[in-house]
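To find a chain, count down the sequence lines: A is the first, B the second, and so on, and within it residues start at 1. No hydrogens, no waters, no symmetry mates; every other heavy atom, side chains included, goes into these values.
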Amino acid sequence: MKEILEQVLQFLSQPWPWYVAGPLLALVMFILLYFGHEFGISENFRLMCAADGADKYNEFFKIDWKSGEWNLLVALGAVFGGYLASHYFIGNAGDIAHVSSSTVQSLNELGIPVKQGSVPLIPDFISWEALFNWQGWLIIAGGGFLVGFGARYAGGCTSGHAISGLSALQLPSLIAVVGFFMGGLFITYVVLPLIFPIIR
Amino acid sequence: MRMSRYILVGILLGFILYKSEAVSWFRIYEMFRFQSFHMYGIIGSAVVAGIVIVQLIKRKHIQNVKGQEITIKDKNKSIPRYLVGGFIFGLGWSLAGACPAPMFILLGSGYTVLFVYLAAAMTGTFIYGLLRKKLPH
């Protein structure tokens with residue numbers, strides 16, 4: 001029995017290929033639809049604002065945040081899932097991102113010293129220490145601010161538009177995804193070469 | 001206790017995005033450099049499977065737990081809202097290398113600096129709420 005459990009643990013600890021992850025994300029969407037809700041993680045930022053008293057300042061936050069309790073619990077579950085996956089389901093190679101060799105080369109050209117086969121999952125410029133540089137603030141706080149602002153302006157994020165919206169063949173979601181990519185390409189090709197390398 | 005099922009859904013979501021490395025800044029960078037099929041495979045196969053699911057729901061009139069037919073609201077028609085809002089979201093997504101779900105997952109994985117991201121995202125949402133009436137939608 002113990003051996004079988006260990007095999008299951010090892011099996012789940014391998015990196016999951018895209019053709020496993022994608023359909024499972026669709027399953028998450030279906031489970032939430034079956035429970036009577038629509039998949040959309042960024043709505044939680046609005047719920048958290050409302051729960052913290054933002055309803056006193058603006059009617060956009062005059063919502064019954066308790067009716068969004070289910071969504072806050074999905075986010076809480078994601079926190080638990082991240083804890084479990086990162087503490088008990090790490091494969092033999094360690095906690096690394098299996099990016100392509102051309103990506104490693106591009107990162108090196110930017111001035112991010114990573115080696116093929118040992119690229120960490122999360123870079124060192126996403127850490128508390130990184131906040132000693134303005135680049136760290138731009139990446140972590142600037143990134144978060146733009147995600148929070150943009151997701152509500154566009155009415156959804158990757159889960160609400162790219163997955164739920166496109167699955168329901170919603171043209172607005174396709175426009176939003178085109179917008180996501182325009183923003184992403186601008187940062188990747190124009191802004192990142194300006195902010196790297198980070199000199200300490 | 002009925003609410004605990006949502007925590008289980010969240011745990012599943014956490015496993016999917018963590019184990020497929022979609023939570024990785026490097027994977028997002030790789031996607032925007034078009035240097036791997038991986039992220040396109042995840043989003044693409046999710047959408048293909050999602051389209052099949054939504055079409056089955058509509059054609060077979062599948063009911064939810066409450067016994068009502070599952071309906072999916074149409075999104076309001078507009079271009080500037082989705083294009084500009086999406087562009088701003090894309091700036092943040094590619095800078096931080098994480099959209100909202102990975103942010104929650106990484107908080108659980110021990111990257112506590114993402115509390116700064118969370119506070120900033122709530123601030124961004126709040127500022128949007130204040131400016132909403134002045135923005136084109």
Side-chain angles (χ1 to χ4, degrees), chain A residues 16 18 21-26 30 33 36 41-42 45 49 58 60 70 73-75 77-83 85-86 97 99-100 102-103 121 123 128 139-141 143-154 157-158 163 166-168 170 172 175-176 179-180 182-184 187-188, chain B residues 3 6-7 9-11 13-16 18-21 24-26 30 32 35-36 38 41-42 45-47 49-51 53-54 64 70 72 75 82-83 85-92 94-96 99-101 104-105 107-109 113 116-117 120-122 124-126 128-130 132:
Chain A
W16 293 11
W18 59 264
L24 281 176
L25 285 175
F30 174 73
L33 281 173
I41 297 294
S42 63
F45 298 141
C49 282
N58 192 277
F60 183 62
W70 68 271
L73 289 173
V74 172
V79 174
F80 291 153
Y83 175 80
S86 62
V99 292
S100 66
S102 46
T103 304
L121 199 65
W128 289 105
I139 289 167
I140 300 165
F145 181 89
L146 293 165
V147 162
F149 188 96
R152 274 296 52 74
Y153 194 176
C157 62
T158 329
I163 296 176
L166 292 186
S167 292
Q170 295 287 307
I175 300 170
F180 295 172
M182 286 164 49
I187 292 288
T188 303
Chain B
M3 298 309 269
Y6 296 111
I7 295 185
V9 173
I11 290 176
L13 179 66
F15 266 86
I16 299 166
Y18 195 92
K19 290 309 297 176
S20 67
E21 301 172 0
S24 172
W25 188 96
F26 293 113
E30 179 181 60
F32 284 123
Q35 286 166 332
S36 167
H38 186 74
I42 293 177
S45 61
V47 170
I51 289 173
I53 288 171
V54 171
N64 63 22
I70 296 175
I72 299 165
K75 307 218 186 270
Y82 300 110
L83 204 57
F87 181 81
I88 296 169
F89 176 85
L91 297 176
S94 52
L95 266 177
C99 49
F104 285 110
I105 296 164
L107 268 180
S109 314
V113 71
V116 175
Y117 173 118
M122 286 170 68
T125 301
F126 183 66
Y128 165 74
L130 297 184
R132 188 170 58 113

Residue part contacting chain A, namely of B:Ile53, when any heavy atom lies under 4.5 Å: side chain
Between A:Gly81, A:Ser167, A:Gly143, A:Ala176, the one whose heavy-atom pairs under 4.5 Å with chain B are most numerous: A:Ser167
Donor-acceptor pair, side chain of B:Ser94 and main chain of B:Gly90, under 3.5 angstrom: yes
Among A:Leu121, A:Leu25, A:Leu24, A:Thr188, residue most engaged with chain B (heavy-atom pairs, under 4.5 Å): A:Leu121
Option that, when pairs with chain A are counted at under 4.5 Å, heavy atom only, ranks first among B:Gly124, B:Gly129, B:Gly14, B:Ser24: B:Gly124
Top contributor to chain B interface from A:Ile163, A:Thr158, A:Leu166, A:Val79 [non-hydrogen pairs under 4.5 Å]: A:Val79
Side-chain donor/acceptor of B:Ser109 to backbone N/O of A:Gly82, under 3.5 Å: yes
Short side-chain to backbone donor-acceptor contact, A:Arg152 and A:Ser42, under 3.5 Å: yes
Selection from B:Cys99, B:Gly10, B:Ser36 maximising heavy-atom pairs under 4.5 Å formed with chain A: B:Gly10
N/O donor-acceptor pair under 3.5 Å between B:Asn64 side chain and B:Ile70 backbone: no
Option that, when pairs with chain A are counted at under 4.5 Å, heavy atom only, ranks first among B:Leu91, B:Leu13, B:Leu130, B:Leu107: B:Leu91
A:Ser100 and B:Gln35 side chains, donor-acceptor separation under 3.5 Å: no
Centroid-centroid distance, B:Phe89 to A:Phe149, less than 6.0 Å: no
Interface residue of largest heavy-atom contact number with chain B, from A:Ala141, A:Ala168, A:Ala151, A:Cys157, under 4.5 Å: A:Cys157
Which atom of B:Tyr117 lies closest to which atom of B:Ala96, heavy atoms considered: CE1-CB, 3.5 Å
Option that, when pairs with chain B are counted at under 4.5 Å, heavy atom only, ranks first among A:Phe45, A:Phe30, A:Phe80: A:Phe45
